[in-house]
Amino acid sequence: MNIIDELYQDTEEYRDHLATVDKKGKRVWMYPKKPSGWFYKVRTWLSFVLLGLLFGMPFIRVNGEPLMLFNVLERKFIIFSIVFTPQDLHLFALAMVTLMLFVVLFTVVFGRLFCGWICPQTIFMEMVFRKIEYWIDGDAGQQRKLAAAPLTGQKIFKRVSKYAIFYAISLLIANTFLMYIIGSDEVLKIATDPIGLHIGGFMALLAFSGVFFFVFTYMREQVCIAVCPYGRLQGVLLVPDSIVVHYDYVRGEPRGKIQKLPTTNNQAPTAQLGDCVDCKLCVHVCPTGIDIRNGTQLECVNCTACMDACDGVMEKVNRPKGLIRYDSETGIKEGRRKIFTTRVWAYTGVLVALIAVQAFLFATRSEVETVLLRTPGQLFQKVEGGYLSNLYNYEVINKTGQDIPSIEFKLVGAPGGRIKLVGDASTIVPKQGMVKGVMFIEMPENKLESRKTKLKIEVWSNGKLVDEAKTNFLGPVK
Ligand code: SF4
Ligand code: SF4
């Protein structure tokens with residue numbers, strides 16, 4: 001066993017408990033020190049962009065359609081202004097599989113990069129709510145003092161203003177969240193019309209805002225540690241080559257305070273020690289309360305706060321930055337970074353194939369879909385003139401943002417065949433809607449060559465072919 005293995009032969013006792021739970025099982029409230037540094041600055045700017053997108057997107061319309069809508073209630077989905085209906089379920093299912101695979105692949109290579117930089121929970125918690133908390137309550141030490149202080153007028157004022165702002169933001173998030181479900185117009189109506197007109201929507205807004213308030217005021221880091229399924233998956237997704245926020249124990253150990261000993265032979269006074277000066281700043285800034293020097297842990301959301309803190313310390317003690325950095329276990333231990341392992345290539349191959357299939361299905365997806373099914377339980381009937389007739393139910397689904405007027409059905413490649421619509425059939429298919437109806441298809445009996453004849457029906461609108469459907473025509477056994 002070499003010195004590094006010996007040094008790193010941790011008891012791993014820290015894995016037996018959570019930093020946010022004490023021995024009695026009580027929650028330990030986190031007071032992370034305010035982070036600062038290059039990564040925090042970049043993350044702040046990125047979060048502004050992402051928050052702008054999140055709050056702005058419900059108001060963006062292309063051809064009258066919102067950019068994104070996930071209306072699970074009406075089973076209507078719009079992604080980049082393309083309308084998806086329940087008939088596109090296969091596309092959704094495939095997109096979900098592709099997304100899952102992407103998440104796995106991305107995590108194998110880059111660990112929890114998503115959590116630190118993109119995840120809405122981290123962005124809202126660290127870049128919105130936590131910043132407000134620092135602004136009102138002060139940094140970690142002041143927050144601790146305030147929490148322990150008796151209930152004075154100042155404490156009440158701080159608490160009330162903080163929670164009022166927290167609730168206002170939660171309400172804003174709830175409104176935005178609802179806009180992604182029912183659309184911005186509907187939410188604006190709920191906000192401006194009398195409450196009685198939209199009691200359901202109003203209750204939904206109250207419930208969502210309550211949940212967000214609870215999450216960002218009380219749950220906080222527990223969402224990432226105990227609730228988020230992605231976080232729980234880390235244990236099976238991460239490999240020694242995954243790039244994560246990592247403490248360079250080769251460089252840092254043995255850790256110890258800087259000693260002011262006299263120098264000899266131009267040797268640094270603390271040459272027998274590693275670069276970690278054991279200041280614990282990396283622990284104090286961590287929003288999940290862990291010591292990253294213990295190694296990769298489930299609680300680490302890769303927020304980079306410890307990297308910034310440690311870089312600041314390294315600068316002060318005149319040592320190279322990056323003692324805590326993005327690296328892999330292999331990179332730290334052996335000094336090499338191997339991103340493209342066999343597993344990564346295999347995942348990438350499957351992922352590319354899935355994306356190609358998805359792209360093909362998207363490209364060939366029709367905006368009008370016609371479903372034509374023979375009415376169950378009905379056999380053919382003989383009608384005048386030597387014709388046989390079959391009864392069909394049809395549906396024409398319009399996924400576009402415009403009405404489709406004057407639709408008509410044409411039988412193709414079936415000489416002598418004809419279509420008769422039943423009743424007062426509507427010939428206008430409303431935008432993002434459908435028409436249903438019943439039709440007879442009649443075929444001359446002497447033209448049928450077998451019991452089952454394949455038929456093709458074209459759907460036309462104002463002289464333009466919009467879709468086609470296939471079905472079978474049943475006749476007597478030949
Ligand atoms: S901030 Fe850097 S130097 Fe300080 S304890 Fe953490 S790893 Fe060591
Ligand atoms: S260990 Fe570092 S990167 Fe991980 S959560 Fe704590 S501060 Fe963020």
Side-chain angles (χ1 to χ4, degrees), residues 7-8 10 14-15 18-20 28 30-44 46-47 107 110-119 121-123 125-127 130 134 139-140 220-228 230-232 234-235 238 242-259 268 270 273-329 332:
L7 284 168
Y8 208 59
D10 203 293
Y14 65 91
R15 292 202 193 275
L18 290 171
T20 50
V28 177
M30 288 291 112
Y31 297 100
K33 201 172 150 41
K34 190 177 176 185
S36 64
W38 188 85
F39 287 100
Y40 188 65
K41 246 184 240 160
V42 179
R43 281 180 58 227
T44 302
L46 178 69
S47 67
T107 311
F110 296 109
R112 275 179 104 164
L113 197 70
F114 168 84
C115 300
W117 293 79
I118 316 275
C119 175
Q121 165 70 21
T122 313
I123 289 183
M125 189 63 246
E126 302 306 323
M127 297 296 164
R130 193 90 72 188
Y134 288 133
D139 208 343
R220 305 190 146 201
E221 77 288 337
Q222 295 303 316
V223 172
C224 311
I225 296 172
V227 180
C228 174
Y230 180 58
R232 314 292 301 173
Q234 298 306 306
L238 294 183
S242 305
I243 308 285
V244 290
V245 172
H246 220 301
Y247 165 65
D248 186 344
Y249 52 85
V250 175
R251 214 186 106 188
E253 300 296 315
R255 64 187 78 159
K257 303 275 178 217
I258 290 183
Q259 296 160 22
T270 51
L273 293 178
D275 278 353
C276 174
V277 297
D278 206 16
C279 63
K280 294 195 173 59
L281 251 189
C282 51
V283 184
H284 295 154
V285 291
C286 180
T288 60
I290 58 168
D291 186 343
I292 193 65
R293 295 172 301 167
N294 285 332
T296 304
Q297 290 151 76
L298 178 142
E299 297 98 310
C300 174
V301 292
N302 278 224
C303 74
T304 71
C306 54
M307 286 164 55
D308 273 332
C310 191
D311 279 352
V313 176
M314 290 299 108
E315 237 176 7
K316 278 189 196 132
V317 298
N318 226 1
R319 286 170 195 180
K321 288 181 184 178
L323 181 59
I324 301 176
R325 61 175 183 269
Y326 279 122
D327 209 332
S328 64
E329 172 64 21
I332 299 283

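Just follow the structure's listing: the first ligand is 1, and inside any ligand the first atom is 1. Numbering of residues begins at 1 and proceeds along the displayed sequence. Just so it is clear, the structure is predicted and the values come from calculations on it, not from any experiment.
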Closest non-hydrogen contact found for Asn302 with Val244 is OD1-CA, 3.7 Å

Testing the 3.5 Å rule here: is there a donor-acceptor pair between the side chains of Gln222 and Thr20? yes

Nearest-neighbour protein heavy atom for atom 2 (Fe) of ligand 2, which is reported as residue plus atom name and distance: Cys306 SG, 2.3 Å

To the nearest 0.1 Å, how far is atom 3 (S) of ligand 1 from its closest protein heavy atom, and which atom is that? Val277 N, 3.5 Å

Quick one: look at Ile324 and ligand 1, take heavy-atom pairs under 4.0 Å, and tell me if it's side chain, backbone, both or neither. side chain

Provide the closest heavy-atom pair for Glu126 versus Pro287 in the form atom of the first, atom of the second, distance. OE2-CB, 3.5 Å

Could you find the nearest protein heavy atom to atom 8 (Fe) of ligand 2 and give me its residue, atom name and distance? Cys303 SG, 2.4 Å

What's the separation between atom CD1 in Ile324 and atom CZ in Arg293, rounded to the nearest 0.5 Å? 7.5 Å

What atoms in ligand 1 come closer than 4.0 Å to a heavy atom of Met314? 3 (S)

Could you tell me if the side chain of Cys300 sits less than 4.5 Å from the side chain of Ile292, heavy atoms only? yes

Under 4.0 angstrom from ligand 2, any heavy atom of Val301? yes

With side chain to side chain donor-acceptor pair (under 3.5 Å) as the test, would you mind laying out the steps for Tyr230 and Thr107 before giving the verdict? CA-CA 10 Å; Tyr230 180 58; Thr107 311; 2.6 Å; yes

Tell me whether atom 4 (Fe) of ligand 1 has Cys310 as a neighbour, meaning an N, O or S atom of it below 2.8 Å. no

Heavy-atom contacts under 4.0 Å between Thr304 and ligand 2: side chain, backbone, both, or neither? backbone

Using a strict cut-off of 4.0 Å, indicate which atoms of ligand 1 neighbour a heavy atom of Cys276. 3 (S), 5 (S), 7 (S), 8 (Fe)

min-distance protein heavy atom vs atom 4 (Fe) of ligand 1 -> Cys279 SG, 2.3 Å

protein heavy-atom neighbour closest to atom 6 (Fe) of ligand 1 works out as Cys282 SG, 2.3 Å

Minimum side-chain heavy-atom gap Arg112-Cys119 below 4.5 Å: no

Give me the nearest non-hydrogen protein atom to atom 5 (S) of ligand 1 as residue plus atom name, then the distance to 0.1 Å. Lys280 N, 3.1 Å

Show the nearest heavy-atom pair for residues Thr288 and Met30, with the distance to one decimal. C-SD, 3.9 Å

The atoms of ligand 2 lying under 4.0 Å from a heavy atom of Asn302, numbered in the order shown, are 3 (S), 4 (Fe)

Looking at Gly312, is its backbone amide N or carbonyl O close enough to the side chain of Lys321 to form a donor-acceptor pair, meaning the two atoms are under 3.5 Å apart? no

Pairing of Asp308 and Lys41 as salt bridge, 4.0 angstrom limit: no

Taking N, O or S atoms only and a limit of 2.8 Å, check whether Cys286 reaches atom 6 (Fe) of ligand 2. yes

Compute the minimum heavy-atom distance from Arg255 to ligand 1 and say whether it is under 4.0 Å. no

